[in-house]
Amino acid sequence: MNNQILNIIFFSQQWLFFSPKNRTYIPIIGGCIMLRFYETTPLEQYVENLYKLHWIHTPQQLTIEEISRRLNIWIHYEKVPSRALEATSGMYTMFLDSRLPAKRQYIDFLHELCHLLRHAGNQMKLPKSFTQAQEDEANNFVLYAAMPISMISKLSLPDNQSAAINFLTSKFRVPLKIAKKRLEQIQRRIYQGKLLHETAKLIDRRHPTNSEELITSVSKTKLYAYFDPSGDYIEPSQIIIYVDMETLLSKEELIISLEGPFQRIEESQLEAFVDCKPVKFNDLDYTEDGRISLKLSHLASRYQNSAFKFIVQRKDIEQLLHFYGEDF
């Protein structure tokens with residue numbers, strides 16, 4: 001069925017069909033209905049609680065002036081790199097680079113805000129390995145603080161990916177790439193939550209299904225790909241790998257080409273992969289000929305040779321390729 005003509009969302013254990021012209025929901029990320037599949041991380045919940053505590057509830061309040069006033073932060077605009085200082089006399093101090101555009105200053109503000117609230121010690125004196133972890137957390141903090149899920153859930157986004165990104169950019173006054181990154185993050189979270197929900201309710205079936213036969217009929221290592229219908233990507237959203245026992249126990253790594261071949265998984269077949277184990281970023285490597293190496297020895301050790309189905313997230317592949325200067 002043409003996804004441009006008909007969008008499908010799952011609601012109250014029934015399939016609900018509606019035209020893309022109906023903007024009651026948010027088809028591109030599942031809308032307010034599908035956000036029930038979205039789970040916040042501990043850092044994201046920290047941001048949500050912070051805003052709730054200080055009565056920050058609308059996108060209009062998400063400004064440097066408003067947030068700094070409510071959190072008691074003294075802002076100095078100077079021709080220096082943005083940085084934050086620890087509290088003295090009950091007030092925080094932050095320097096923002098006056099040479100930067102307003103949107104960039106705002107992103108710097110949120111980044112430094114994370115350091116102020118969550119990271120003790122002078123960043124300039126800490127070991128690089130420690131500061132990198134803090135920088136990674138601050139970058140994630142920016143996404144959550146700039147576009148809180150509690151505020152996004154009250155909006156009706158356009159059903160086109162590009163239009164939705166532009167909408168978020170305008171509504172939350174953030175750079176385009178930040179809005180794009182946040183939207184894609186939400187889409188991944190919804191997919192992951194939906195995958196667990198959809199497959200868990202079918203796990204107790206005792207008779208063979210087409211989905212079960214998808215795996216049980218396979219005796220050798222095989223690659224599968226799931227293409228999230230809510231996205232505009234021509235590449236898979238997730239790669240699922242079935243590794244046979246002999247391969248898992250005898251090989252250190254498995255080489256994967258991003259060009260496949262993959263067997264495409266339809267949404268109705270997802271139940272066969274409910275017990276997939278996650279592949280972590282450090283389980284992946286990049287080869288000189290442009291392929292992905294899956295470190296089977298890592299997975300065999302972590303799961304004690306008892307897991308044979310593994311799921312690789314698009315974001316981890318993108319991160320790996322970005323490190324090596326490549327694109328998905």
Inset, instruction - Give a yes-or-no answer on whether the side chains of D97 and S82 include a donor-acceptor pair shorter than 3.5 Å. - result: no
Inset, instruction - Decide side chain to side chain donor-acceptor pair (under 3.5 Å) for N139 and E135; before the verdict, give the C-alpha distance in whole Å, the side-chain angles of both, and the deciding distance to 0.1 Å. - result: CA-CA 6 Å; N139 290 334; E135 288 300 307; 5.4 Å; no
Inset, instruction - Would you check if there is a donor-acceptor pair between the side chains of W55 and H57 at a distance under 3.5 Å? - result: no
Legend entry - Which residues share a side chain to side chain donor-acceptor pair (under 3.5 Å) with H54, sequence neighbours left out: none
Inset, instruction - Indicate yes or no: at least one non-hydrogen side-chain atom of Q61 is less than 4.5 angstrom from one of I67. - result: no
Legend entry - Same cluster (ILVMFWY, side-chain, under 4.5 Å), I255 and I239: no
Legend entry - Pair listing, side chain to side chain donor-acceptor pair (under 3.5 Å) test, anchored in residues 163-179, at least two apart: none
Inset, instruction - Quickly, which of K295, K277, R302 forms a salt bridge (Lys or Arg N to Asp or Glu O under 4.0 Å) with D283? Name it, please. - result: R302
Inset, instruction - Answer yes or no: are there more than 12 heavy-atom neighbours, outside E246 itself, under 6.0 Å from its atom CD? - result: no
Inset, instruction - Can you measure from CG (L320) to OH (Y286) and round to the nearest 0.5 angstrom? - result: 8.5 Å
Legend entry - Beyond-backbone contact of I256 with R291, side-chain heavy atoms, under 4.5 angstrom: no
Inset, instruction - Kindly indicate whether a cation-pi arrangement holds for R118 with Y46, taking the cut-offs as under 6.0 Å to the six-membered ring centre and within 45° of the axis. - result: yes
Inset, instruction - Starting at CD1 of I178, measure out to NZ of K103 and round the result to the nearest 0.5 Å. - result: 11.0 Å
Legend entry - Residue pair R83, E112: steps toward the salt bridge (charged side-chain N to carboxylate O under 4.0 Å, His left out) verdict: CA-CA 6 Å; R83 61 188 179 92; E112 296 303 322; over 6 Å; no
Legend entry - Salt-bridge contact K180-E184 (side-chain N to carboxylate O under 4.0 Å): yes
Inset, instruction - Please check if atom CD in Q304 has more than 12 non-hydrogen atoms from other residues, nucleotides or ligands closer than 6.0 Å. - result: no
Legend entry - D244 side chain reached by F308 side chain, heavy atoms, under 4.5 Å: no
Inset, instruction - Kindly indicate, with the supporting measurements, whether the criterion salt bridge (charged side-chain N to carboxylate O under 4.0 Å, His left out) is fulfilled by K52 and E48. - result: CA-CA 6 Å; K52 184 178 180 180; E48 293 287 341; over 6 Å; no
Inset, instruction - Check whether any side-chain heavy atom of Y224 sits under 4.5 Å from a side-chain heavy atom of F262, and report yes or no. - result: no
